[in-house]
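Before any comments, here is the structure.
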Amino acid sequence: MAGIIDKFRLDGKVAWITGASYGLGLAYAQAFAEVGAKIVFNDIKQELVDRGLEEYKKLGIDAFGAVCDVTKEDQVEAFVKAATEKVGPIDILVNNAGIIKRIPMTEMTVAEWNQVIDVDLTGPFICSKAVLPSMIERGHGKIINACSMMSELGRETVSAYAAAKGGLKMLTKNVCSEYGQFNIQCNAIGPGYIATPQTAPLRERQADGSMHPFDRFIRSKTPAQRWGKTEDLMGLAVFLASEASDFINGQVIYIDGGILAYIGQDPGNLDESKFQAEEESDLKIYE
Ligand code: NAP
Ligand code: GCO
């Protein structure tokens with residue numbers, strides 16, 4: 001008889017992670033492959049897809065990758081057709097592709113606003129719409145959306161991103177409501193502040209060698225006093241992609257080192273020397 005650990009396996013499943021040439025998407029794909037899934041991924045340009053294929057090859061993962069802009073319905077439909085023909089129907093979709101623009105709202109153009117909403121909110125709508133019919137027909141499916149601290153909190157300069165990630169939380173609940181009857185589970189991962197290229201500008205050392213003020217701020221707001229690592233999110237991703245979470249639906253699960261539970265401390269109280277070693281290993285990620 002299969003044991004509980006088998007419920008966390010993804011053998012024979014096809015997982016599509018959008019925007020997964022590097023960053024969190026690559027980590028999710030690596031985790032899924034480790035427990036048996038076949039990986040298909042897209043990215044916005046060929047050089048990124050090629051970079052991703054190299055990375056997957058180094059990890060021993062035989063991934064299918066192709067260029068596809070998640071905001072373009074025709075490209076998404078073509079990608080799903082090609083992936084289905086080459087690998088198989090998609091069982092797991094991770095709407096991971098995302099962008100952020102850090103611009104004060106009064107200075108943000110409508111075009112810049114629309115760019116963020118298109119990728120971070122309309123993209124997951126388009127990609128989910130492309131895989132749902134086949135999931136319904138086959139009687140099962142998993143959709144995992146990339147939410148954020150900004151699905152719950154605002155902050156200066158990220159109005160479009162926060163609006164998109166807040167909307168993505170509600171899209172998660174709506175896909176659950178509309179398609180749960182077909183044994184389709186739609187949940188979201190809500191990462192805290194994770195060390196990836198997207199957040200690199202918030203961690204860069206200042207010209208005088210001191211910590212970035214935002215780096216100090218985030219550490220003072222995080223009980224763990226550190227940025228998350230991509231591997232911190234892998235277990236939750238596997239859980240939400242697997243049978244082990246078949247009765248969890250419409251949830252956003254935050255994996256933030258405790259940020260949302262903590263009022264924070266005075267950044268001036270932090271002992272900066274504690275972070276030097278960790279930071280050096282963190283910066284190695286992108287060499
Ligand atoms: P990332 O490093 O910026 O990677 C995002 C990937 O998506 C990149 O490869 C990007 O390509 C691609 N992409 C952008 N626009 C696309 C489009 N229209 N079509 C297809 N691919 C597109 O981001 P990340 O830090 O790994 O984060 C991944 C997801 O988690 C994002 O949705 C992000 O909002 C969310 N998240 C991140 C954090 C964090 O702290 N890092 C925390 C919470 C949530 P380009 O390289 O050309 O942009
Ligand atoms: C920012 C960061 C955040 C993180 C993440 C937090 O500028 O505040 O980029 O938005 O990316 O979304 O959960």
Side-chain angles (χ1 to χ4, degrees), residues 16-30 41-53 55 65-73 75-76 79 94-104 114-127 144-169 172 188-204 212-215 217-218 221-222 226-234 236-237 252-257 259-260 282 285-286:
W16 172 24
I17 307 94
T18 66
S21 297
Y22 60 90
L24 299 186
L26 176 64
Y28 299 145
Q30 185 183 348
F41 77 101
N42 66 296
D43 221 306
I44 186 92
K45 45 188 176 245
Q46 192 59 50
E47 66 192 90
L48 279 174
V49 171
D50 294 343
R51 171 180 162 187
L53 288 169
E55 286 298 320
V67 173
C68 166
D69 178 343
V70 296
T71 67
K72 304 284 186 296
E73 195 166 25
Q75 291 187 30
V76 169
F79 176 87
V94 181
N95 285 306
N96 169 74
I99 60 172
I100 190 165
K101 288 186 185 297
R102 301 183 181 99
I103 305 166
N114 285 337
Q115 259 187 303
V116 176
I117 300 291
D118 278 354
V119 178
D120 295 7
L121 182 55
T122 309
F125 163 73
I126 291 172
C127 295
I144 302 168
N145 292 322
C147 281
S148 155
M149 293 289 95
M150 275 61 227
S151 299
E152 299 297 338
L153 304 169
R155 88 171 182 85
E156 300 79 2
T157 77
V158 294
S159 57
Y161 184 84
K165 294 299 186 180
L168 189 55
K169 175 172 75 170
T172 301
I189 293 178
Y193 280 81
I194 315 299
T196 70
Q198 189 243 52
T199 56
L202 303 174
R203 287 176 280 113
E204 275 157 11
H212 192 298
F214 197 86
D215 182 358
F217 170 69
I218 283 301
K221 292 285 287 179
T222 310
R226 68 173 176 88
W227 287 71
K229 300 181 174 70
T230 52
E231 56 263 34
D232 287 323
L233 306 183
M234 293 162 99
L236 176 59
V252 182
I253 300 178
Y254 290 98
I255 188 158
D256 65 356
I259 294 178
L260 287 177
D282 168 10
I285 293 174
Y286 310 115

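Any value given below was found using the heavy atoms of this structure, including those in side chains, with hydrogens, waters and symmetry copies removed. Just follow the structure's listing: the first ligand is 1, and inside any ligand the first atom is 1.
- Ligand 2 has no N or O atom lying under 3.5 Å from any N or O atom of Val158, backbone or side chain.
- A heavy-atom distance below 4.5 Å is found between the side chains of Arg102 and Leu202.
- Neither the backbone nor the side chain of Lys165 has a heavy atom within less than 4.0 Å of ligand 2.
- More than 12 heavy atoms of other residues, nucleotides or ligands shown are found within 6.0 angstrom of CD on Glu231.
- At a heavy-atom distance under 4.0 Å, only side-chain atoms of Val119, from C-beta outward, approach ligand 1.
- One finds the CD atom of Glu73 at 10.0 Å from the SG atom of Cys127 (value rounded to the nearest 0.5 Å).
- Considering only heavy atoms from C-beta on, Arg226 stays 4.5 Å or farther from Thr222 through its side chain.
- If you look at Thr196 next to ligand 1, the close heavy atoms, those under 4.0 Å, all belong to the side chain.
- Of all atoms in ligand 1, listed by their number and element, those nearer than 4.0 Å to a heavy atom of Leu48 are 11 (O), 45 (P), 46 (O), 47 (O).
- Below 30°, between 30° and 60°, or above 60°: for His212 and Phe214 the angle between ring planes is above 60°, a perpendicular geometry.
- Considering backbone and side-chain N/O atoms, Lys165 comes within less than 3.5 Å of an N/O atom of ligand 1.
- Every atom of ligand 1 is numbered from 1 in the order shown, and the set under 4.0 Å from a heavy atom of Asp69 is 17 (C), 18 (N), 19 (N).
- Ser148 OG to Leu153 CG: the interatomic distance, rounded to the nearest 0.5 Å, is 8.5 Å.
- Annotation: atom 9 (O) of ligand 2 to nearest protein heavy atom, Arg102 NH2, 2.7 Å.
- Looking at heavy atoms from C-beta onward, Met149 lies in side-chain contact with Tyr254 at the 4.5 angstrom threshold.
- The nearest protein atom to atom 5 (C) of ligand 2, hydrogens excluded, is given as Ser148 OG, 3.6 Å; this is a heavy-atom distance.
- In summary, the atoms of ligand 1 found under 4.0 Å from a heavy atom of Thr199, numbered by their order in the structure, are 39 (C), 40 (O), 41 (N).
- Paired with Thr18 under the rule side chain to side chain contact (heavy atoms under 4.5 Å, CB included), one option of Ile44, Val94, Asp43, Asn42 passes, and it is Asn42.
- Counting atoms of ligand 1 from 1 in the listed order, those under 4.0 Å from a heavy atom of Asn42 are 20 (C).
- In this structure, Tyr161 counts as a contact residue of ligand 1, since one of its heavy atoms falls inside 4.0 Å of the ligand.
- Within ligand 1, counting atoms from 1 as listed, the ones closer than 4.0 Å to a heavy atom of Ile99 are 14 (C), 15 (N).
- Heavy-atom contacts of Gly23 reach the following atoms of ligand 1: 26 (O) (cutoff under 4.0 Å).
- Backbone and side-chain nitrogen or oxygen atoms of Thr71 are examined, and none is located within less than 3.5 angstrom of a nitrogen or oxygen of ligand 1.
- Backbone and side-chain nitrogen or oxygen atoms of Leu202 are examined, and none is located within less than 3.5 angstrom of a nitrogen or oxygen of ligand 2.
- Under the 4.0 angstrom criterion for non-hydrogen atoms, Gly192 is in contact with ligand 1.
- Contacts with ligand 1 closer than 4.0 Å are made by no heavy atom of Ser21, backbone or side chain.
- In this structure, Tyr193 OH and Ile218 CD1 are separated by 4.5 Å, a value rounded to the nearest 0.5 Å.
- Residue Met150 has at least one heavy-atom neighbour below 4.0 Å for each of these atoms of ligand 2: 10 (O).
- In this structure, Lys45 counts as a contact residue of ligand 1, since one of its heavy atoms falls inside 4.0 Å of the ligand.
- The shortest side-chain heavy-atom distance between Ile117 and Thr122 falls under the 4.5 Å cut-off.
- Side-chain atoms of Thr71 and Asp118 include no donor-acceptor pair closer than 3.5 Å.
- Met234 CE to Leu24 CG: the interatomic distance, rounded to the nearest 0.5 Å, is 10.5 Å.
- Annotation: the span from Ile189 atom CD1 to Ser151 atom OG amounts to 12.0 Å, rounded to 0.5 Å.
- On a distance-only criterion, Thr199 and ligand 2 share no N/O pair closer than 3.5 Å.
- Remark: among candidates Leu168, Leu24, Thr18, the nearest residue to atom 27 (O) of ligand 1 is Leu24, based on non-hydrogen atoms.
- At a 4.0 Å heavy-atom cut-off, ligand 2 does not touch Thr157 at all.
- One finds the CD atom of Glu55 at 12.0 Å from the OH atom of Tyr22 (value rounded to the nearest 0.5 Å).
- Within the listing of ligand 2, atoms 1 (C), 7 (O), 8 (O) sit less than 4.0 angstrom from a heavy atom of Arg155.
- Of the protein's heavy atoms, Gly192 O, 3.3 Å lies nearest to atom 6 (C) of ligand 2.
- Ligand-side atoms of ligand 1 in range of Pro191: 42 (C), 43 (C), 44 (C), range being under 4.0 angstrom from any heavy atom.
- The contact set between ligand 1 and Cys68, taken as ligand atoms under 4.0 Å from a residue heavy atom, comprises 19 (N), 20 (C).
- The shortest contact between atom 11 (O) of ligand 2 and any protein heavy atom is with Gln198 OE1, 2.7 Å.
- Judged by the shortest distance from any of its heavy atoms, Cys147 lies inside the 4.0 Å radius around the atoms of ligand 1.
- By heavy-atom distance, the residue among Tyr22, Tyr193, Tyr254, Tyr28 lying nearest atom 48 (O) of ligand 1 is Tyr22.
- Closest protein heavy atom to atom 2 (C) of ligand 2: Tyr193 CE2, 3.3 Å.
- Considering both main-chain and side-chain atoms, Met149 never comes within under 3.5 Å of ligand 1 through any nitrogen or oxygen pair.
- Scanning all protein heavy atoms for the shortest distance to atom 10 (O) of ligand 2 gives Tyr161 CE2, 3.2 Å.
- At least one side-chain heavy atom of Thr230 sits under 4.5 Å from a side-chain heavy atom of Thr196.
- The shortest separation from a heavy atom of Ala20 to ligand 1 is not under 4.0 Å, leaving the residue out of contact.
- A donor-acceptor pair is defined here as one N or O able to donate and one able to accept, closer than 3.5 Å; such a pair exists between the side chain of Lys165 and the backbone of Ala146.
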